[in-house]
Amino acid sequence: MENCLELRRQNTFHTREISRCRMATSYSTCHLYPHGLSARAHLYRHGNPTGSAARYSEHVWSPLGSVRESSRNRVFQSVYKGGIILSCSPADKFVSLSFDEADDNWSNKDRDVSEHRLFSETGPSSTRNRESAFENVNNFLHVEDTPADSEENEYRSADGWLQFYNRGDSGSSVEEKSWWETEPVEEGNARPAALVGTQEREKDDSARFRIRNGREVYGERTYLVGIDCKGAGKRSLFSIKDSLQELGQLADTAGLVVVGSTYQKLVNPNPKTYIGIGKVAEIQAAIRAFEVETIIFDDELSPGQLRNLEKAFEGDVRVCDRTALILDIFNQRAATREARLQVELAQFEYQLPRLTRMWTHLERQAGGMVKGMGEKQIEVDKRILRTRISALKTQLESVRDHRQQYRDRRAAVPIPVVSLVGYTNAGKSTFLNRLSGANVLAEDRLFATLDPTTRRVQLSNGKECLFTDTVGFIQKLPTQLVAAFRATLEEITDSSLLVHVVDISHPMAQQQVSAVKSVLADLDVHHIPLLTVWNKIDKAEKPGKLRDEAAAVEDTICVSALTGEGIGSFDDAVQRKLKDLMVWVEVVIPYDQGDLISIIHRLGIVDEEAYIEQGTLIRAHVPLALSRKMSHLRQVPM
Ligand SMILES: Nc1nc2c(ncn2[C@@H]2O[C@H](COP(=O)(O)OP(=O)(O)OP(=O)(O)O)[C@@H](O)[C@H]2O)c(=O)[nH]1
Ligand SMILES: [Mg+2]
């Protein structure tokens with residue numbers, strides 16, 4: 001690949017800690033590993049010379065040009081303070097590109113690679129250009145091959161690797177001085193105002209770290225933007241304020257800190273910039289006033305809108321949309337291999353049409369020297385993404401084969417399966433825990449559950465059934481996600497009974513119910529009987545009124561998964577529903593198949609049992625699947 005630095009798979013290298021490096025700033029250790037197409041760096045700050053390291057920030061570079069989960073400014077700060085060395089290892093070679101403060105240029109210390117020329121040509125002469133040049137370096141990192149697919153540590157394995165460290169005082173090596181001996185480097189006067197602000201804020205930076213999904217994330221200052229669409233067919237179930245509030249909850253789940261929000265009333269979204277030009281200017285002022293680092297739009301932006309908005313905000317902030325945010329949360333949460341593959345697939349499919357944006361700035365800066373380069377790179381990147389997408393699909397197929405085998409095994413013992421479905425945060429997992437005594441993660445965050453968890457539950461009449469907890473739904477659910485999670489959602493289509501769990505204490509409960517119904521309609525499950533559970537009755541403002549309302553609606557039960565209220569009525573309702581689903585059979589079970597009799601007792605309702613010469617005569621109501629299994633035993637001898 002011409003003019004492009006390639007990182008190839010390096011199977012021998014599998015370590016999380018790649019380099020211990022000294023930073024002139026408060027960073028002291030940098031762990032860097034590539035993941036998929038992107039490279040991920042964890043910068044650690046040590047509390048004391050021997051003590052444990054606290055995650056300071058995480059930077060993700062990707063050929064898509066985005067730096068995620070941290071403020072980009074932080075990376076650039078390190079550039080100003082004594083230069084940066086970016087190293088990478090293609091196959092067995094070691095190449096390092098460094099930014100040299102003295103001659104104000106990027107250079108290649110170890111060997112002459114063609115990319116180096118490109119950096120020199122676009123080399124920074126001003127502070128602003130320096131930032132852009134650094135972005136170019138990020139954009140030149142490619143993982144050509146698909147990553148090593150280790151079972152448990154897929155995300156952590158390194159296929160190629162990068163090193164990123166600050167040189168600090170010239171001449172001293174990393175080994176010679178430890179981080180605590182480092183003198184602060186003089187700061188130049190040329191730093192832009194935004195960076196000064198960031199520097200000042202650094203004092204209370206430690207307060208900006210939050211624990212989310214088991215990791216420490218940097219709480220970026222986030223601003224939310226939505227539109228209230230009046231156009232035909234554009235009206236959403238949720239009012240714009242409620243939708244923005246939910247977006248804020250999603251942002252909080254991802255670890256971001258919402259500092260403000262705004263919306264605009266429009267007939268239709270602006271095809272170029274989603275919001276109007278005047279609103280863009282207003283948001284620019286808000287960015288300065290609130291020191292915003294990320295802007296999130298409430299709807300999925302088209303690739304063109306995203307590009308135009310990034311241009312309008314001049315790269316000062318990260319622009320992202322609801323879909324990217326949801327995908328990011330799913331990415332943080334994915335725990336099993338299947339969920340990780342599904343999320344990665346959804347993310348790549350989202351990124352594919354958006355690839356164009358990252359190369360445009362390159363052409364702009366580099367002028368004639370690399371004309372056409374951007375175009376070429378888009379093609380290369382698209383090819384890489386497509387290859388990765390098809391590899392992921394193949395891997396998913398094999399994972400799904402396992403799931404199918406599991407389902408087949410389950411079908412062999414025809415226990416009725418009851419699926420809990422509902423809006424995210426409705427209390428499905430808490431409810432399952434209450435019913436089964438299981439310990440499924442339940443927390444006050446959106447999308448706590450991504451993988452279906454199935455537990456055996458014994459009803460009060462002694463009958464057994466399986467309860468499955470599923471991924472929660474949300475309005476404006478990204479289509480890529482529904483497609484990627486289709487196999488997981490198919491668990492629902494296989495069930496005997498659906499239980500729709502509603503957070504009845506939520507002010508938007510009715511809208512959430514409608515959103516869930518529309519996803520269920522897409523899944524084509526109208527033939528499966530449904531029970532509705534109004535959960536969190538303990539929290540509702542007028543529980544008495546709700547109980548009366550529920551009594552008047554068919555198959556609706558008020559419960560509290562937290563206190564256990566209403567669980568008895570729910571149990572009765574499930575028994576009733578399951579009995580409705582049973583069929584009446586009359587069978588003679590040969591004496592050598594005694595285990596079948598115990599299955600009938602466990603799953604069905606036995607009306608009569610008698611011992612005759614050929615075996616045990618049973619008249620009972622049993623689940624349809626079980627009756628099918630016994631069809632050959634159904635004749636009653638004269
Ligand atoms: N007061 C009250 N809180 C509840 C009740 N049921 C669940 N919660 C709380 O609601 C929050 C969400 O519960 P989860 O069980 O995680 O909800 P979920 O539907 O599984 O959510 P996702 O997995 O994100 O789709 C948790 O903080 C629970 O403690 C209830 O009956 N009463
Ligand atoms: Mg859950």
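Whatever order the structure lists them in is the order used to number ligands and atoms, beginning at 1.
The parts of K536 lying near ligand 1 are both backbone and side chain, judged by heavy-atom distances below 4.0 Å. Contacts with ligand 1 closer than 4.0 Å are made by heavy atoms of both the backbone and the side chain of T430. When non-hydrogen atoms are compared, ligand 1 lies under 4.0 Å from the side chain of N535 (C-beta onward) but not from its backbone.
Proximity of T470 to V421: side-chain heavy atoms (C-beta onward) are separated by under 4.5 Å at one or more points. A heavy-atom distance below 4.5 Å is found between the side chains of L345 and K393. Side-chain contact between Q575 and K463: absent, with no pair of heavy atoms (C-beta onward) separated by less than 4.5 Å.
By the 3.5 Å distance cut-off applied to N or O atoms, I537 is not counted among the residues near ligand 1. Polar contact with ligand 1: absent for V471 (N/O pair, distance under 3.5 Å). At under 3.5 Å, a nitrogen or oxygen of G427, whether backbone or side chain, sits near a nitrogen or oxygen of ligand 1.
Judged as a ring-ring contact (aromatic ring centres under 6.0 Å, His included), the pairs with a partner in residues 523-570 (not counting sequence neighbours) are, in order, F431-F570.
Taking the six-membered ring for Trp and thresholds of 30 and 60 degrees, Y274 and F297 have ring planes more than 60 degrees apart, a perpendicular arrangement.
For G422, the closest heavy-atom approach to ligand 1 does not fall below 4.0 Å.
Close approach of ligand 1 to G472 (heavy-atom distance below 4.0 Å) involves ligand atoms 25 (O).
The backbone N or O of R221 sits less than 3.5 Å from a side-chain atom of E293, completing a donor-acceptor pair.
For the Mg ion (ligand 2), the set of nearby N, O or S atoms under 2.8 Å includes none belonging to N425.
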